[in-house]
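It should be emphasised that the depicted structure is a prediction, and the values quoted were computed from it without experimental measurement.
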Amino acid sequence: MSLWNDFVGQLPQLLAYGLVTASVLGLGAVGWSFLYRIFNFANFAHGDLMTLGAYWGLLFNVGWRLPWSLAFPLAIVATIGSALFIDRVFYRPLRRRGSAVLLISSAGMALVLRNTLRLFWGQSVHSYDLGFHQAILVLPGVRLTPEALIGMAFALVVTLGLFGLLQYTRMGKALRAAADDLDLARVCGMSLTWITRWTWVLGAGLAAVGGIVLGVEQHLLYPLMGWNLLLPIFAAAVLGGLDHPSGALLGALVIGVGEELFGFFFPNYRPALALVVLIGLLLWRPAGLLGGRS
Amino acid sequence: MKRPWLAALAALIGLGLLAAAGTLNLERWGSFAIFFVIQASIYALLTLGLRVQWGSTGLFNLGVSSLFALGAYTSALLTKSPIASAGELAGAGLPFGVGLLGGMLVASVAAVALGAFTLRLRGDYLAMVTLGAGEIIQLILMNEEPLTHGPEGLRAIPQPWHSLLSPRDYNFLYGVIVLTALVLGYLLLKRLVRSPWGRALRAVRDDEEAAEALGKHVFRFKLQAFVVGSALMGLAGGLYAHFTTFISPADFEPLQTFIVWMMLIVGGSTSNRGAAGGAYLIWGLWVGTSVLSGLFPSIWAVKFAYMRVIAIGLTLQWILIKYPQGVWGERRRSRD
């Protein structure tokens with residue numbers, strides 16, 4: 001029973017780590033489900049888009065020696081630009097040919113992105129130039145680095161900002177309408193170009209923030225950092241039911257915390273939890289925990 | 001020329017092979033060619049498996065590497081000597097044919113398990129679950145030491161009729177075995193595709209609801225196609241294991257899945273000839289470029305490996321946009 005006692009003793013710390021993981025997963029899953037809803041497009045390059053965002057940050061912060069307050073916003077803009085470019089050149093000609101062809105294309109794009117980053121930055125790990133800080137006692141039994149705390153706070157602010165945008169601005173309402181029914185939105189006079197642009201601005205912007213937050217929280221960047229998140233992102237988004245961004249957020253919370261708890265007992269099989277949850281959900285509730293639409 | 005880029009591609013492969021002929025001496029040239037044929041044929045079997053799943057039925061399998069791995073590990077463990085040597089796992093000591101069949105069987109069972117969850121739902125879910133399965137199989141291969149010997153993999157996998165020829169000439173014999181398997185698989189698929197069963201699969205692919213309305217049991221057809229394709233992938237795995245006599249998790253990385261997809265898309269996902277031809281074409285490109293990389297200074301070798309994957313990925317995008325049916329794909333929907 002000592003394993004169980006250990007587990008209870010470490011529970012607060014595990015939950016805290018789970019929240020850290022969830023903050024990144026949430027940013028990825030919200031953006032991913034947004035793309036999925038509007039284009040009917042399962043983007044298999046989303047994880048690598050997050051990596052790209054993190055590495056743009058690396059270029060500006062370490063390569064160009066800019067302070068993070070300048071480097072990270074620049075990285076977000078650069079990631080959005082990259083995503084718009086990729087969409088224009090590669091995805092747009094395929095849009096009429098169905099979601100399956102887009103899926104293949106994005107899976108290929110994931111490899112192209114990852115290996116382009118390897119070409120310039122190599123296979124080894126990097127980190128941002130933020131100084132190194134010791135983990136501090138946040139709550140009884142919970143130690144986190146200041147970076148993790150800042151990353152979580154930042155993720156929270158961005159997510160709340162996004163919800164505000166979607167809920168209250170004209171653009172947000174238009175995008176939600178497009179997500180509900182793209183054809184209807186177009187009949188009502190919305191231009192596809194406009195929808196496409198803003199969908200990628202939000203989706204890629206969130207991916208970039210997610211990648212950067214991951215790099216800051218872990219104090220580590222490597223070529224596979226985003227790809228490894230892809231399966232948890234799928235699981236989180238499907239768990240949330242793909243109906244509303246808040247669902248994806250809840251899904252991220254469940255998967256993030258679940259992975260930490262699962263990983264405590266099965267350290268070698270930590271990534272397996274996402275698949276188990278995914279299969280379980282598809283069997284039990286294909287429309288997601290919150291969703292009503294299948 | 002109807003397809004000038006195809007000529008360019010062939011020229012590139014030829015250039016690579018010429019470079020190979022220059023660097024290797026002529027005696028090794030023959031064994032190099034046989035090596036190439038064996039590997040390309042194993043890929044052709046994988047691609048034919050995917051052709052049944054995706055080309056005929058529209059099933060999205062992103063776990064090709066895991067079915068390949070299951071076939072390889074199963075066949076290796078079934079045929080390895082029951083007496084364990086130092087630092088090695090003991091096998092069951094069964095004959096080669098039993099090993100191959102076992103590999104096909106295990107891959108089929110895995111296909112039933114995965115398909116039963118996902119084939120009733122929309123295609124994206126199958127893609128996600130098979131992608132996940134690919135990663136889990138990697139974890140199992142790495143971690144379950146008593147079964148898979150972890151990252152070190154399995155060594156001393158027996159080869160059939162090994163004492164018949166000297167080790168130097170053995171690959172000729174093995175080449176014949178692999179080519180026989182490829183021809184049999186090809187002919188089988190050719191028959192299957194033209195049979196009523198194959199027509200029903202295409203109906204499911206093109207319009208699921210119409211097929212359902214005509215009384216076709218859509219789920220059952222999908223599961224059958226998924227299992228047939230996976231069994232072929234398992235067979236390819238077994239043939240691979242007995243060819244290299246040494247397998248490890250590194251042989252079955254998710255990149256393999258992508259290469260097989262690439263072969264199918266380039267060749268044409270709706271034709272058997274396309275699947276087999278695409279495998280030879282892409283493998284030729286892959287090997288040809290790796291020979292080219294030998295001509296550059298070694299500092300560039302690592303970068304070259306990345307550039308190769310980038311080039312292949314960009315070629316895929318280009319083929320998808322410009323040649324939706326691939327090189328050998330059906331031009332019109334009426335013939336398949």
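Taking all atoms of both residues into account, the shortest heavy-atom contact from B:Q317 to A:G108 is NE2-C, 3.8 Å. Minimum heavy-atom separation, A:L275 to B:V129: CD1-O, 3.6 Å. Residues B:M128 and A:L231 share a closest heavy-atom pair of O-CD1, 3.7 Å.
Applying the side-chain hydrogen bond (donor to acceptor under 3.5 Å, both in side chains) criterion to A:R197, with sequence neighbours excluded, gives no partner residue. Listed by chain and number, the residues in a ring-ring contact (aromatic ring centres under 6.0 Å, His included) with A:F90 amount to none (sequence neighbours excluded).
Of all residues spanning residues 302-313 of chain B, those with a heavy atom less than 4.5 Å away from chain A's heavy atoms are B:K303, B:Y306, B:M307, B:V309, B:I310, B:G313, arranged by number. At a heavy-atom cut-off of under 4.5 Å, chain A is reached by B:L131, B:G132, B:A133, B:E135, B:I136, B:L139, B:I140 from residues 130-140 of chain B, listed in order of number.
With hydrogens and angles ignored, the 3.5 Å screen pairs no side-chain donor or acceptor of A:R97 with any backbone N or O of B:P324.
Contact annotation for A:L119: both backbone and side-chain heavy atoms come within less than 4.5 Å of a heavy atom of chain B. At a 4.5 Å heavy-atom cutoff, A:N228 makes no contact with chain B through either its backbone or its side chain. Of the atoms belonging to A:L113, not a single heavy atom falls under 4.5 Å from chain B. With a 4.5 Å cut-off on non-hydrogen atoms, A:R114 does not touch chain B at all.
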